[in-house]
Amino acid sequence: MSGGKTTPLLKDELDIVIPTIRNLDFLEMWRPFFEQYHLIIVQDGDPSKTINVPEGFDYELYNRNDINRILGPKASCISFKDSACRCFGYMVSKKKYIYTIDDDCFVAKDPTGKDINALEQHIKNLLSPSTPLFFNTLYDPYREGADFVRGYPFSLRAGVPTAISHGLWLNIPDYDAPTQLVKPREKNTRYVDAVLTIPKGTIYPMCGMNLGFNRDLIGPAMYFGLMGDGQPIGRYDDMWAGWCTKVICDHLNLGVKTGLPYIWHSKASNPFVNLKKEYKGIYWQEDIIPFFQSVALPKECETVQQCYLELAKQVKDKLSNIDPYFTKLADAMVTWIEAWDELNPSGDASAKLAKGVAK
């Protein structure tokens, strides 16, 4: 990506996935950046409600009736009345790359006042390698104007393939409900011009509102869990996917980048509503995070699917004592993989690719 090269647009290789319950007027602001891409819109909530999409966009829209029709009994693994439903879009996509964004996210400006093309930066991140095995103190060494610092092993400078690009937000930070309540007016105004690879062995809280990933490399593990209607927890969907995918990326020698690009997060969700959704997760995460920090996948797990099914088994074995919900979640993880493979039967491209990377 360095040397002033033009970033490939990947317009035939990338889908934009948007979960929503409302008209997508926000797309007008994104038109210069999104109009040439295919959109997959996952409508949450009442399937009889009409969602208006601005003219000129190429899109397909799925509501709950469509999900039930396409997946049949396996539709039980897709959350209802929660933005976790977006992962259905990942499953039905046929593209190599996915960018997902929330409908309250707008185009941010860089410190010079120029509009930020978030999608272009995600593509840059995904097309350049990651360095999870050895930290480079100048952050991403593949960016123009940067390189590896003195003392960085030459044997590691080729890096590893990047599976996930995690973008950030200006204005409203991605806080949990207790932090929202004690800092109701806090805004993120700091633009940090940096991308870094999250080191191997370190998990992180992934936010799904500004996220890109290589579907071929990690797609089958990008499951946002069981959240929302009928479940005892919400707002942990993207974090669950982040913990699972990071463990698998570490095992398969894939990279995760975080930092640029920024989007403008326009509105904070209600902290009291959020607290009701999150409060069990706030307790449970004290056991969930040590589980992911210590989980080990056997070397026999060479594909994303194999890794994910092993992870589901360990979730059931080691987390079900916290709450019966985790037995249900582990079963849904298995159902998700079965549904993924049914809709993506072409020799499991993701499995083959991951197997090649693992070796």
Side-chain angles (χ1 to χ4, degrees), residues 1-11 13-14 16 30 32-34 36-37 96-101 105-171 173-174 187-202 204 206-207 209-214 217-218 242 246 249-250 253-265 357:
M1 300 316 320
S2 59
K5 290 180 186 173
T6 305
T7 306
L9 294 172
L10 304 180
K11 63 179 186 295
E13 296 180 74
L14 185 145
I16 299 173
W30 287 102
F33 307 126
F34 287 2
Q36 59 196 314
Y37 293 91
K96 182 176 181 179
Y97 300 99
I98 296 285
Y99 175 54
T100 186
I101 186 171
C105 294
F106 299 110
V107 177
K109 293 186 184 295
D110 69 17
T112 70
K114 182 184 174 189
D115 283 352
I116 297 168
N117 183 348
L119 190 48
E120 181 183 42
Q121 180 64 49
H122 278 294
I123 291 169
K124 283 184 179 179
N125 293 348
L126 290 167
L127 293 185
S128 62
S130 291
T131 53
L133 304 178
F134 201 93
F135 191 82
N136 191 57
T137 50
L138 272 181
Y139 304 113
D140 193 337
Y142 307 104
R143 282 186 74 187
E144 192 170 352
D147 212 323
F148 293 94
V149 296
R150 181 171 55 89
Y152 200 100
F154 283 87
S155 59
L156 296 177
R157 293 190 182 194
V160 304
T162 300
I164 299 170
S165 170
H166 178 254
L168 299 175
W169 349 266
L170 292 170
N171 195 36
D174 187 30
K187 304 287 174 68
N188 182 33
T189 58
R190 292 179 66 231
Y191 178 98
V192 180
D193 186 15
V195 177
L196 59 105
T197 297
I198 300 174
K200 184 174 182 177
T202 300
Y204 71 109
M206 187 178 85
C207 173
M209 75 171 94
N210 175 28
L211 182 73
F213 62 92
N214 184 321
L217 286 183
I218 200 65
K246 185 56 166 65
C249 282
D250 287 351
N253 210 25
L254 299 168
V256 179
K257 292 189 175 187
T258 187
L260 300 181
Y262 286 93
I263 48 85
W264 182 268
H265 185 206
V357 168

I need the [X] [atom1] to [Y] [atom2] distance, nearest 0.5 Å.
| X | Y | atom1 | atom2 | value |
| --- | --- | --- | --- | --- |
| Leu126 | Gln121 | CG | CD | 10.0 Å |
| Leu260 | Leu168 | CG | CG | 8.0 Å |
| Ile16 | Tyr97 | CD1 | OH | 15.0 Å |
| Leu133 | Thr197 | CG | OG1 | 9.5 Å |
| Asn214 | Glu13 | CG | CD | 10.0 Å |
| Asn171 | Lys187 | CG | NZ | 5.0 Å |

Shortest non-hydrogen separation from [X] to [Y] and the atoms involved:
| X | Y | result |
| --- | --- | --- |
| Trp264 | Val107 | CB-O, 3.9 Å |
| Asn136 | Pro141 | ND2-CB, 3.6 Å |
| Pro8 | Leu127 | CG-CD1, 3.7 Å |

Open item on the list: Determine whether Val195 and Tyr142 satisfy the following criterion, side-chain contact (heavy atoms from CB on, under 4.5 Å), listing intermediate values before the conclusion.
Closed with: CA-CA 10 Å; Val195 177; Tyr142 307 104; over 6 Å; no
Would the distance check show the side chain of [X] and the main-chain N or O of [Y] forming a donor-acceptor pair, the cut-off being under 3.5 Å?
| X | Y | result |
| --- | --- | --- |
| Asn117 | Phe33 | no |
| Tyr37 | Leu10 | no |
| Lys200 | Phe134 | no |
| Trp30 | Cys105 | yes |

Could you pull out every donor-acceptor pair under 3.5 Å between side chains of residues 154-166 and any protein atom, sequence neighbours left out?
from   : atom 1 : to     : atom 2 : distance (Å)
Arg157 : NE     : Tyr152 : O      : 3.2
Arg157 : NH2    : Tyr152 : O      : 2.9
Thr162 : OG1    : Ser128 : O      : 2.6
Thr162 : OG1    : Ser130 : N      : 3.3
Thr162 : OG1    : Ser130 : OG     : 2.6
Ser165 : OG     : His122 : ND1    : 2.7
Ser165 : OG     : Asn125 : ND2    : 2.9
His166 : ND1    : Thr258 : OG1    : 2.9
His166 : NE2    : Cys207 : N      : 3.0

What residues, two or more places apart in sequence or in another chain, satisfy side-chain hydrogen bond (donor to acceptor under 3.5 Å, both in side chains) together with [X]?
| X | answer |
| --- | --- |
| Lys109 | Asp115 |
| Asp250 | Lys246 |
| Tyr99 | Asn210 |
| Asp147 | none |

Task: Residues Arg143 and Asp193 bridged, charged N to O under 4.0 Å - done: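 Answer for the salt bridge query: yes.
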Open item on the list: My understanding is that only residues two or more places apart in sequence, or in another chain, count here; which of them pass side chain to side chain contact (heavy atoms under 4.5 Å, CB included) with Tyr139?
Closed with: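 Testing Tyr139 for side chain to side chain contact (heavy atoms under 4.5 Å, CB included), a comparison that skips the adjacent residues, returns Phe135, Ala194, Leu196.
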